[in-house]
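To start, the structure under review is shown below, and the notes come after it.
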Amino acid sequence: VLSILVAAMGGCQPAVRIETRAVLDSVSPDRLRADVDTLAGFGTRHTLSETVSDTRGIGAARRWLKAEFERATAGREAAGLPAARVSFDTHIVEPDGRRITRTTEVANVMCVLPGVMPEAAGRLYYVIAHYDSRASDVSDTEIDAPGANDDASGVALCLELARVLSEFPLDATVVLMPVAGEEQGLYGARAHARAARAADGGAGLDIRAVLSNDMVGDPSGPGGRMARREVRVFSEGLPAAIFEDDTLGLGAVRRVRSLSTESDSDSRQLARAIAQVADWYGTVVQPRLVFRPDRFLRGGDHSGFNEQGFAAVRFTEVHESYDRQHQDVRTEEGIGYGDLPEHVDPGYLADVTRLNAATLIVLANAPSVPGNARVIVARLSNETTLRWDPSPEPDTAGYEVVWRATTDSEWTHARDVGPVNEFVSPLSKDNWFFGVRSYDSEGYRSPVAFPRAAGE
Ligand SMILES: [Zn+2]
């Protein structure tokens, strides 16, 4: 709907370039199938399972993942692109009295595809999944835990993104990162997010978005349920970070209330941006936005990034099958239990991978979200004056002001205002939510900046 409105208002069409289509078309269900089978074939990938064997346990799995990322990205330099950096991101976790029973090396596998535009290469866009698995007893490190859908599906998606994006130039930097320790308490993702926040003497890494894919391979559910053309995208409303940082105090919550930003966090703008990309590209699998941090009272690896103030969302299929999740492989009274590869639909997984790929391409190629966006409140007025700072990327071509009624969930209107840094709308800020996003010369659009109030 929004793209039609943009066209009607004379804005330039969002970029749906032929080269991008080719990348999406090259996503291979066969490779995804093979990767899920290989990962399940390690028997168990429990975080505390053995690390010496080359055929069984989490050590074998992570060494295979690292080698596979290296293979997937070997052609970058020959294609004229900066070489990929593939490494282990290792954290030592001490016994926690719960699910970590001995000192454990939790190793995330990182594949970094450096951006090609100097002004944008510092911006980081992550796709993560967890490669550890578990069975019925979360502490059983020996028994088979194939973890095909939870979460070899998401890990296979990361590997496939490395293959199809390796030789495709992106302005900003992409990080593909299967993490460990999720089932024991989100250890790998949390440790990485904390370190990222503390990096560079506290300045922090410039992580702009994290897409966590956890259980994205099985569109079916019990009782004949099926959602082949949808994937849920969860996003926080109130940012977890304002409750993590005691120095912010109640003031941060008061600011949310006074500006009514309870549904306009950076993570929520990211979720809306994903929906927008799916609309532009007409992806087979469309996101079903769920406006809550995760499933009811549950959590995932994106939460660790949210806690540190990074925009992060979770992709998960629509229906969950609890007979297949966190279950020993067995048959009881004619019912089969266990998270087996046969329950992963590679065609569906490929379509979720395409949605992630399209999102990454748009996020990494678009200019930065406009900085310092603000509604000017120097005097009472029926109009709305918006100002923002120019995005630093040299291919920034202009800005769009978006708006929606306060009762709407997604941006319903967009207006191309060109290469300016101020816009006055005749509509009242009392009755509408406003935002602003940037676009480049190829039509790639950033997520929306939600303005603060400024008395200037
Ligand atoms: Zn999971």
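Whatever order the structure lists them in is the order used to number ligands and atoms, beginning at 1. Just so it is clear, the model here is predicted, and its values are computed rather than measured.
- For Tyr444 and Asp171, the side-chain atoms include no donor-acceptor pair closer than 3.5 Å.
- Counted by atom type alone, Glu142 and Thr44 present zero donor-acceptor pairs between their side chains at under 3.5 Å.
- Among Leu289, Thr359, Thr316, Val290, the one residue that satisfies the side-chain contact (heavy atoms from CB on, under 4.5 Å) test with Val233 is Leu289.
- For the residue pair His130 / Asp150, a side-chain donor-acceptor distance below 3.5 Å is found, with atom types taken as modelled.
- Residues in residues 287-307 take part in these salt bridge (charged side-chain N to carboxylate O under 4.0 Å, His left out) pairs, two or more places apart or across chains: Arg190-Glu307, Glu230-Arg288, Asp294-Arg314, Arg295-Glu320, Arg298-Glu320.
- Shown are the protein N/O/S atoms under 2.8 Å from the Zn ion (ligand 1), given by residue and atom: His130 NE2, Asp150 OD1, Asp214 OD1, Asp214 OD2.
- Donor-acceptor pairing under 3.5 Å is lacking for the side chains of Glu236 and His302.
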